[in-house]
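First comes the structure, then the notes that go with it.
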Number of protein chains: 2
Amino acid sequence: MNVQLDQAADKKCAIFESTLKLVRVRGFHGSPMSQIAQDAGVAIGTIYHYFSSKDELLIALFDNCKQKIAKAMFKPAEDHLPYPDRFVAVWTNLVCFYIERPEILSFMEQFFSSPYAAVVYGSGCNIQMKNEMSNFLEQGIGKNHIKPLDINILTAAFMGTVTAAAKRHINGHYAFNETAMREMVSIIWDGIKR
Amino acid sequence: MNVQLDQAADKKCAIFESTLKLVRVRGFHGSPMSQIAQDAGVAIGTIYHYFSSKDELLIALFDNCKQKIAKAMFKPAEDHLPYPDRFVAVWTNLVCFYIERPEILSFMEQFFSSPYAAVVYGSGCNIQMKNEMSNFLEQGIGKNHIKPLDINILTAAFMGTVTAAAKRHINGHYAFNETAMREMVSIIWDGIKR
DNA sequence: CTGATCCAATTGAACGTTCATTCGGTTGGC
DNA sequence: GCCAACCGAATGAACGTTCAATTGGATCAG
């Protein structure tokens with residue numbers, strides 16, 4: 001039973017990874033189910049056993065990525081760092097995660113700037129990540145580390161700089177080493193700190 | 001002759017606008033040539049008279065958008081504002097432009113996070129916008145208004161905050177009025193100013 | 001242990017649809 | 001009469017999805 005579940009999880013995982021890989025280089029557009037299946041080493045029918053449609057596969061993959069992102073950002077070991085250090089850590093964690101897994105950044109961006117985004121905005125299913133991020137920033141305001149700006153402004157500044165930095169690194173415009181990342185996170189930290 | 005050119009320009013323009021409209025709500029994926037033609041009020045064959053393929057249409061549209069963006073950002077009337085004011089103006093101009101024309105933001109984002117981006121990165125065809133933006137920021141460094149950070153870091157911070165703010169406004173998460181925009185541009189300005 | 005039964009997991013050929021593109025024909029200004 | 005602009009039915013390829021058939025592990029009666 002356990003073995004079966006693991007096999008099923010493995011297959012789902014393989015389908016997810018193949019989808020990420022293909023979507024990054026070919027777009028949603030150029031990633032047919034037939035190629036996803038071939039790349040994942042399963043039959044087309046198997047994908048439809050786990051996901052009722054291509055749309056559902058992409059939405060499930062989106063949820064899966066969201067969880068991975070949240071896990072990569074907030075590490076228990078860093079929970080009790082002084083707030084400014086923790087801010088730098090969380091920002092850097094996310095940039096590093098995106099740099100390590102460019103296909104996830106690409107997928108998330110394509111997803112958000114596509115009609116699928118409506119599915120997510122419409123329902124309340126992105127509450128989890130929003131809350132974790134919002135909580136973190138609100139905590140900073142509450143403890144007087146951050147100016148009392150609207151949470152949306154803070155979130156936009158945070159996420160905007162993260163994705164812009166990661167994209168620039170990935171497309172080869174600029175190598176964001178440790179120094180560059182510290183410089184960049186300093187820009188936003190200097191801008192929002194009390 | 002002049003009339004003919006105008007008519008041709010009108011048709012190209014109609015095709016561009018229809019493509020933008022459709023791509024925003026349906027994605028590249030769900031924007032068939034047949035629907036673009038119908039929405040633009042031309043025959044499919046007419047599109048192929050102006051563009052040799054769908055790919056070429058999308059790349060031409062990308063270039064067209066890039067020019068519009070550059071024009072919206074840098075207004076001659078603001079050229080001689082004190083640098084800090086001009087910085088705020090340029091940042092705000094771009095956010096406002098994207099908010100007014102969400103289909104252009106959506107198209108650019110989809111374009112950049114799709115395989116088409118490689119076409120653009122590969123050739124040197126985005127030199128113009130890069131230069132205008134780079135010049136502006138380098139000018140700020142040269143005149144001691146901005147910290148001497150790498151131009152890529154500055155550009156990433158600038159563009160990242162712009163797109164994040166515009167996206168948040170467009171998808172209804174938060175209404176970026178004049179006050180909110182000033183608060184947000186202050187974050188990055190405080191972070192990079194000398 | 002044996003063999004009967006069951007069903008989730010898996011397969012890929014087949015189906016109908018939709019797409020990008022083509023091309024032979026029409027129009028209208030010069 | 002010429003040619004660029006324009007048209008849209010026709011074409012063939014590619015796509016998402018279906019489904020009848022197969023496998024193999026789990027369950028259990030005898």
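All values derive from a computational prediction rather than experimental measurement. Chain letters run A, B, ... following the sequence lines, proteins first, then strands; residues in each count from 1.
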Practice problem: Look at the side-chain N and O atoms of Y50(B) and state whether any lies under 4.0 Å from the OP1 or OP2 oxygen of dC6(D). | Solution: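 Affirmative; the distance criterion is met.
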Exercise. Kindly say if K11(A) contacts the phosphate of dT10(C), meaning a side-chain N or O under 4.0 Å from OP1 or OP2.
Key: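 Answer yes for this pair, as a side-chain N or O of K11(A) is under 4.0 Å from OP1 or OP2.
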Rounded to the nearest angstrom, tell me the gap between atom [atom1] in [X] and atom [atom2] in [N].
| X | N | atom1 | atom2 | result |
| --- | --- | --- | --- | --- |
| H49(A) | dG12(C) | NE2 | P | 16 Å |
| Q38(B) | dA9(D) | CD | C1' | 15 Å |
| F28(A) | dC19(C) | CZ | C1' | 19 Å |
| K54(A) | dT17(D) | NZ | P | 8 Å |
| I44(A) | dT10(C) | CD1 | P | 15 Å |
| H29(A) | dC15(D) | NE2 | C1' | 10 Å |
| D10(B) | dC6(D) | CG | P | 10 Å |
| L57(B) | dC19(C) | CG | P | 16 Å |

Looking only at side-chain atoms of [X], point me to the closest of [options].
| X | options | value |
| --- | --- | --- |
| M33(A) | dA20(C), dT17(D), dG8(D) | dT17(D) |
| Y48(B) | dG8(D), dG12(C), dT21(C) | dT21(C) |
| T46(A) | dC6(D), dT17(D), dT10(C) | dT10(C) |

Exercise. Using the closest heavy atom to pick a nucleotide of DNA chain D for each, name whichever of P32(A) or G45(A) lands nearer the 5' end.
Key: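 Result of the comparison: P32(A).
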Self-check item: Earlier contact from the 5' end, DNA chain D, for Q35(A) and S52(A)
Solution: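 Residue closer to the 5' terminus by nearest nucleotide: Q35(A).
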Quiz item: Judged by modelled atom types alone, do S113(B) and E109(B) share a side-chain donor-acceptor pair under 3.5 Å?
Solution: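 No pair is found: no donor N or O on one side chain lies under 3.5 Å from an acceptor on the other.
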Exercise. Please state whether the rings of H145(B) and Y83(B) are parallel, tilted or perpendicular, taking 30° and 60° as the class boundaries.
Key: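 Geometry flag for Y83(B) against H145(B): parallel rings.
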Exercise. Just say parallel, tilted or perpendicular for the rings of H169(A) and F176(A), cut-offs at 30° and 60°.
Key: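 Rings of H169(A) and F176(A): tilted, 30 to 60°.
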Quiz item: So among F97(B), F136(B), F87(B), W91(B), which one has a ring pair (Phe, Tyr, Trp, His ring centres under 6.0 Å) with F74(B)?
Solution: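 Only one option passes, and that is F136(B).
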Quiz item: Checking all strands, does F51(B) fall into the base, sugar-phosphate, or nothing category for heavy-atom contacts under 4.0 angstrom?
Solution: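 If one applies the 4.0 Å heavy-atom cut-off, F51(B) turns out to touch nothing in the nucleic acid.
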Exercise. Mind checking the CG-CG spacing from L20(A) to L61(A)? Nearest 0.5 Å is all I need.
Key: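 It is 4.5 Å, given to the nearest 0.5 Å.
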